[in-house]
Asks: 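The structure is given below, and queries will be raised subsequently.
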Amino acid sequence: MTFEIDYLALAPELVVAGTIIAALLLDLFLTRSKKYWVAVLSVVGVAGGLVPIVYMLAEGGTRSMFDGSYVVDEFALILKIVFLVSGYLVLLMSVSYIEADRYYQGEYYFLLLSSILGSLVMSSSRDLIVLFIGLELTTGPLFLLAGWRKGDAKSNEASLKFFILGVLSTAILLYGMSLLFGLTGSVEFTAIAAAIPDLVSEPALALSVLFLIVGFAFKASAVPFHFWAPDTYEGAPTPVAAYLSVNSKAAGFVAMLIVMYTALPGISEVWAPALWVLAALSMTVGNLSALRQGNIVRLLAYSSIAQAGFMLVPFAAAAVAGSDLAQAFSATVVYLVIYALMNLGAFAVVIAGARRTGSGDIDDWAGLGQKDPVLGLLTALFFLSLAGIPPLAGWYAKFVMFASVIEAGGISTLVLAAIAAVNSVIAFYYYARVIKAVWLDTPSEELLARPGREYAGSIKLTLAISMGLTIAIGIYPTFATYFGEASRVIATGGG
Amino acid sequence: MAEVIIFGLMALPALAGGVTVVLARNPVYGAMGLLGSMLALGVLYVAQLAHFIAAIHVVVYAGAVMTLFLFVIMLIGVDRADDQNERLPRQRQLVILGVLGIVATAFAVAFSGRFSWVIAATGERIPQATNGTTVALARVLFSDWVLAFEATALLLTIGSAGAIALASRRGKPVDLPIDPEVTS
């Protein structure tokens, strides 16, 4: 029995894993005031993970390992870039926040890095076991991180809600997987896809597919599996909420897409309507609930639920209409890339703004633009981008989404497009409300009297990177299109 | 056929154990339900010829982990006076019946094949457990699934590191900071 490991293909994971170990060891030898060096190491390590990815992208080709259960193709590489870059930004915005918080720092970075590693593993997985472990490695640390501010009852509540519902959804997901394995006799996606046509009339198959969707939809916090999200985002440390809304959501999404696309295309008549409903509900419920939020983190939580609905639209539409799924795939990935950048930017603004105003209530942010014009501008920039206003990146995400829906054609997809259009308008209202508070409302005496503290360099860097990319993609969207096009090349393994 | 019967015999206690865990008011009963569920699952593993998994399952989960559970339950809570009433009717008779049953089964197994009324499995009817042996398992675990295996190891490390970080208090309890950033 021979088996080989392609170390280049595994290099990003190995670099991050090495960083994890180094971070744990370094943490051991640092005094309390020097702990930020662990953050520095983590940031460098995550950036280092990008190097082999860029090399492999330049080289092209598909690398497959472990009998095709671990595949490094362009799709996986693109997603790894998304996960690493957003992880990088979250690490940056964590530094000053965690330092000010007086809780454990070394372990925080250890857990965050482990979660990033999990999402890297997940994007390459082409069988149920590796996919499951990758996904658990992504979400497992977050149960702990959500409760990191352990002196705060809200943080405890956040962690506990997330954990209990998370474990429940994991159980459902596993049940679906075991049914699928029992029916098809295989855990590998290609083998499952090959076995599906003989089993289409089997009711247990439909059940297993629905269970899988429930499990993934929970991770992606799509309605009606979103109940944990607002409370968890609000109670968790803000950088963790940012991570939850981007990386962990994307991980659930990507896992769902990989499984549906590579393992279950033969039974799309079961999951396509389910995804359609998920998309429509997520957009509508997310947006309508966001309208009534007074707390900015909760507002972003509901907005991210709605954005998950938008993200699902192309794929659900294409599956329902029976058109080319690969096209939908690229639209969803483009949306994901852009969403990740602008949403992380928005969360960085929240961290900075909460420091400036001392509050997370939108009403208390009144007049922030007068107090701190740069932050006010950034607030406007990221929230307008989330609303989809040109020339910021968000418009292109929406454009790609609608374009792919119209291309798919069919009545039901057009209904979905109409729902998405109405929701875009609703979303604009509550994003604009924040901007109105920041620029048009009169600032309170209290806010004007607050000392204007200098921001940490790391948070400035986070804002600069996400702002630069948001504007760059908005003006030159071909850049994002490259991500979409490359992600079409999803290899199904096969070994 | 025999497999279906074994499955039925063991699936029912496994489910009943699970229901007990959820419904039992007394945590000790809950732990016992979990134990029963695990033992039944162990038998199911044997029926699937996964002998190694079955052994590990019983030794590690039913043995070590459950003992730990019971210790924790005893340490944190069962401090009310022991209830000495026997609430199970006819306990002693049931025990005697059970012991007799076990002895009879042991005899039947020990002397199987020597009496015409005990049907013995012939050599070729006992399937070889080729996939469930330690060697076969190790081979798969450390070749095809080595990545998943290592990732699981990390998952366990995360669990312990996170639990320590969340649960421990160094020195005197810190006056817990009200977060200066997001108060809402």
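In the text below, chain A, chain B and the rest are named by the order of the sequence lines, each starting its count at 1. Please read all numbers here as calculations on a predicted model, not as lab measurements.
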Asks: So, do B/W145 and A/D127 sit near enough that their side-chain heavy atoms are less than 4.5 Å apart?
Replies: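 Side-chain contact under 4.5 Å: yes.
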Asks: Quick one: pull up CG in A/L117 and CG in B/L155 and give me the separation to the nearest 0.5 Å.
Replies: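 With rounding to 0.5 Å, CG (A/L117) is 10.5 Å from CG (B/L155).
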Asks: Checking heavy atoms, do the side chain of A/L137, its backbone, both or neither come under 4.5 Å from chain B?
Replies: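 Both the backbone and the side chain of A/L137 come within 4.5 Å of chain B.
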Asks: Please name the pair of heavy atoms, one in A/K150 and one in B/A165, separated by the smallest distance, quoted to 0.1 Å.
Replies: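 Heavy atoms only, the tightest pair is NZ-O, 2.8 Å.
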Asks: CG/B/L147 to CD1/A/I133 distance, rounded to the nearest 0.5 angstrom?
Replies: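 Those atoms lie 8.5 Å apart.
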Asks: May I ask you to list the residues in residues 31-39 of chain B that approach chain A closer than 4.5 angstrom, counting heavy atoms only, ordered by number?
Replies: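 Under the 4.5 Å heavy-atom cut-off, nothing qualifies.
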Asks: Side chains of residues 13-20 of chain A: which donor-acceptor pairs under 3.5 Å do they make with residues two or more places apart or in other chains?
Replies:
from: A/E13; atom 1: OE2; to: A/Y70; atom 2: OH; distance (Å): 2.4
from: A/E13; atom 1: OE2; to: A/K80; atom 2: NZ; distance (Å): 2.6
from: A/T19; atom 1: OG1; to: A/V15; atom 2: O; distance (Å): 2.7

Asks: Can you tell me which portion of A/F132 sits under 4.5 Å from chain B's heavy atoms? Options are side chain, backbone, both or neither.
Replies: neither
Asks: Under the salt bridge (charged side-chain N to carboxylate O under 4.0 Å, His left out) test, which residues partner B/E150, sequence neighbours left out?
Replies: none
Asks: What's the shortest heavy-atom distance between A/P141 and B/I158, and which atoms?
Replies: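 Heavy atoms of A/P141 and B/I158 come nearest at CG-CD1, 3.7 Å.
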Asks: Identify the two heavy atoms, one from A/L144 and one from B/A163, that lie closest to each other, and give their separation to 0.1 Å.
Replies: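 Nearest pair, atom of A/L144 first, then B/A163: CD2-N, 4.2 Å.
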Asks: Could you tell me which residues satisfy ring pair (Phe, Tyr, Trp, His ring centres under 6.0 Å) with A/Y455, sequence neighbours excluded, listed by chain and number?
Replies: none
Asks: Pick from A/V121, A/L145, A/I129, A/T357: which one has the most heavy-atom pairs with chain B under 4.5 Å?
Replies: A/I129
